[in-house]
Asker: 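Below are the structure tokens for one structure; questions will follow.
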2 protein chains.
Amino acid sequence: MNIKQAAEASGLPPKTIRYYEQIGLIKPARSANSYRDFSETDVHNLAFIARARALGFSIEDCRALLALYEDKSRASADVKAIAQRHLDEIEAKILQLAEMRDTLSALVLACRGNHRPDCPILASMSGD
Amino acid sequence: MNIKQAAEASGLPPKTIRYYEQIGLIKPARSANSYRDFSETDVHNLAFIARARALGFSIEDCRALLALYEDKSRASADVKAIAQRHLDEIEAKILQLAEMRDTLSALVLACRGNHRPDCPILASMSGD
DNA sequence: CCTTGACCTTCCAGTCATTGGAACCCTTAC
DNA sequence: GTAAGGGTTCCAATGACTGGAAGGTCAAGG
């Protein structure tokens with residue numbers, strides 16, 4: 001299977017697939033004409049990575065998860081540890097963004113947004 | 001004022017301040033010895049940028065906000081538009097992260113996390 | 001047989017907002 | 001004189017792609 005088919009089947013752009021090969025995430029075979037030749041397993045792994053990325057896992061997490069996925073004697077505790085750590089990071093980021101949102105929405109509400117220059121948003125950022 | 005004092009007064013690392021000068025966000029004077037010489041206004045602008053960055057504004061947004069801040073005939077509507085757009089982006093990102101969190105926390109809950117290989121997390125990422 | 005268009009290849013550069021390090025200069029105190 | 005603790009510049013790396021250039025390959029149509 002050529003890269004375009006693999007891209008359509010996995011939902012990843014060809015550029016991204018080439019990048020994943022470059023960093024050693026996948027190792028597709030090559031045809032005689034030097035084209036990449038993707039097996040069903042390659043496509044499956046690409047879709048695996050795509051789903052992990054959609055959950056926000058880093059590339060290095062994906063590498064570790066893929067290795068665990070291929071290790072039939074893995075311990076599910078190892079997978080869970082990676083997922084739990086990532087979940088903690090997501091929750092921390094949500095808290096941080098919620099704080100920004102609260103501050104910012106209060107400022108936006110307070111700003112009249114007209115032709116005049118007085119603005120609580122700028123006032124807040126200039127230190128009141 | 002040397003860069004270290006400006007860093008302490010603004011809460012930004014010296015490296016970051018040099019970077020902000022490099023991209024034209026600030027334009028501190030230079031002493032005879034080629035050291036940067038920060039005025040009170042420079043430090044004030046740095047603190048302004050630091051607060052805007054803490055609210056998640058991009059550097060380009062900071063540039064625009066700083067320009068509006070210095071323009072005494074600005075319209076607060078222009079400030080509000082930038083802030084509202086950024087607020088929308090934050091809210092979109094929170095929704096996206098909350099979705100990741102929901103999916104991921106369900107998977108983490110479902111995973112026993114023991115020495116055995118069966119794992120709903122990997123199962124989900126491999127396409128069930 | 002030739003051309004056209006849609007593929008494919010590699011490599012280089014850019015994104016965003018820093019951060020680290022190297023190599024070197026300046027100032028102050030002892 | 002020298003050591004500590006500033007300062008300077010420039011280059012390279014981060015993460016995860018993405019765009020573009022220059023060129024090779026392949027199937028179909030004239």
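In what follows, chains are A, B, ... by sequence order, proteins preceding strands, each numbered from 1.
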Asker: Would you kindly give the CG-to-P distance between B:Leu12 and C:dT18, to the nearest whole Å?
Answerer: 8 Å
Asker: Where each residue is assigned the nucleotide of DNA chain D containing its nearest heavy atom, which of B:Pro14 and A:Tyr20 is assigned the position nearer the 5′ end?
Answerer: B:Pro14
Asker: Of all the choices, D:dA16, C:dC26, C:dT10, which nucleotide is nearest to the side chain of A:Ile59 once you look at every atom?
Answerer: D:dA16
Asker: Between B:Asp37 and B:Met1 (side chain of the first, backbone of the second, donor and acceptor by atom type, cut-off under 3.5 Å), is there such a pair?
Answerer: yes
Asker: Grab the CD-P distance between A:Glu60 and D:dT14 for me, whole Å please.
Answerer: 11 Å
Asker: Just by distance, do the side chain of B:Arg63 and the backbone of B:Ile23 share a donor-acceptor pair under 3.5 Å?
Answerer: yes
Asker: Rounded to whole Å, please give me the gap between CD in B:Gln5 and C1' in D:dG7.
Answerer: 11 Å
Asker: Can you find an N or O donor on one side and an acceptor on the other, under 3.5 Å apart, linking the side chain of A:Tyr35 with the base of D:dG24?
Answerer: yes
Asker: Expressed in angstrom and rounded to an integer, what is the separation of A:Asn33 atom CG from C:dA6 atom C1'?
Answerer: 14 Å
Asker: How about CZ on A:Arg112, more than 12 heavy atoms from neighbouring residues, nucleotides or ligands closer than 6.0 Å, or not?
Answerer: no
Asker: Between D:dG6 atom P and B:Met1 atom CE, what is the distance in whole Å?
Answerer: 16 Å
Asker: Under a 3.5 Å distance rule, please check whether A:Ser76 uses its side chain to pair with a backbone N or O of B:Asn114 as donor and acceptor.
Answerer: yes
Asker: Would you indicate what B:Ile3 reaches in the nucleic acid, counting non-hydrogen atoms under 4.0 angstrom: base, sugar-phosphate, or nothing?
Answerer: sugar-phosphate
Asker: Verify the contact: side-chain N or O of B:Arg30 to OP1 or OP2 of D:dG7, cut-off strictly under 4.0 Å; return yes or no.
Answerer: no
Asker: Send over the distance from A:Gln22 CD to D:dA16 P, rounded to a whole Å.
Answerer: 14 Å
Asker: Between the base of D:dG19 and the side chain of A:Lys15, is there a donor-acceptor distance below 3.5 Å?
Answerer: yes
Asker: Can any side-chain N or O of A:Thr103 pair as donor or acceptor with the backbone N or O of A:Glu99 at less than 3.5 Å?
Answerer: yes
Asker: Could you tell me how far apart A:Arg36 (CZ) and D:dT25 (P) are, to the nearest whole angstrom?
Answerer: 15 Å
Asker: Between C:dA17, C:dT10, D:dA16, which nucleotide gets closest to the side-chain atoms of A:Arg18?
Answerer: C:dT10
Asker: Find the distance B:Glu8:CD to D:dG6:P and express it as a whole number of Å.
Answerer: 9 Å
Asker: Taking the minimum atom-to-atom distance to the side chain of A:Pro13, which one of D:dT18, C:dT9, C:dC7 wins?
Answerer: D:dT18
Asker: Considering only D:dT8, C:dT19, C:dT10, which nucleotide approaches the side chain of B:Thr16 most closely?
Answerer: C:dT19
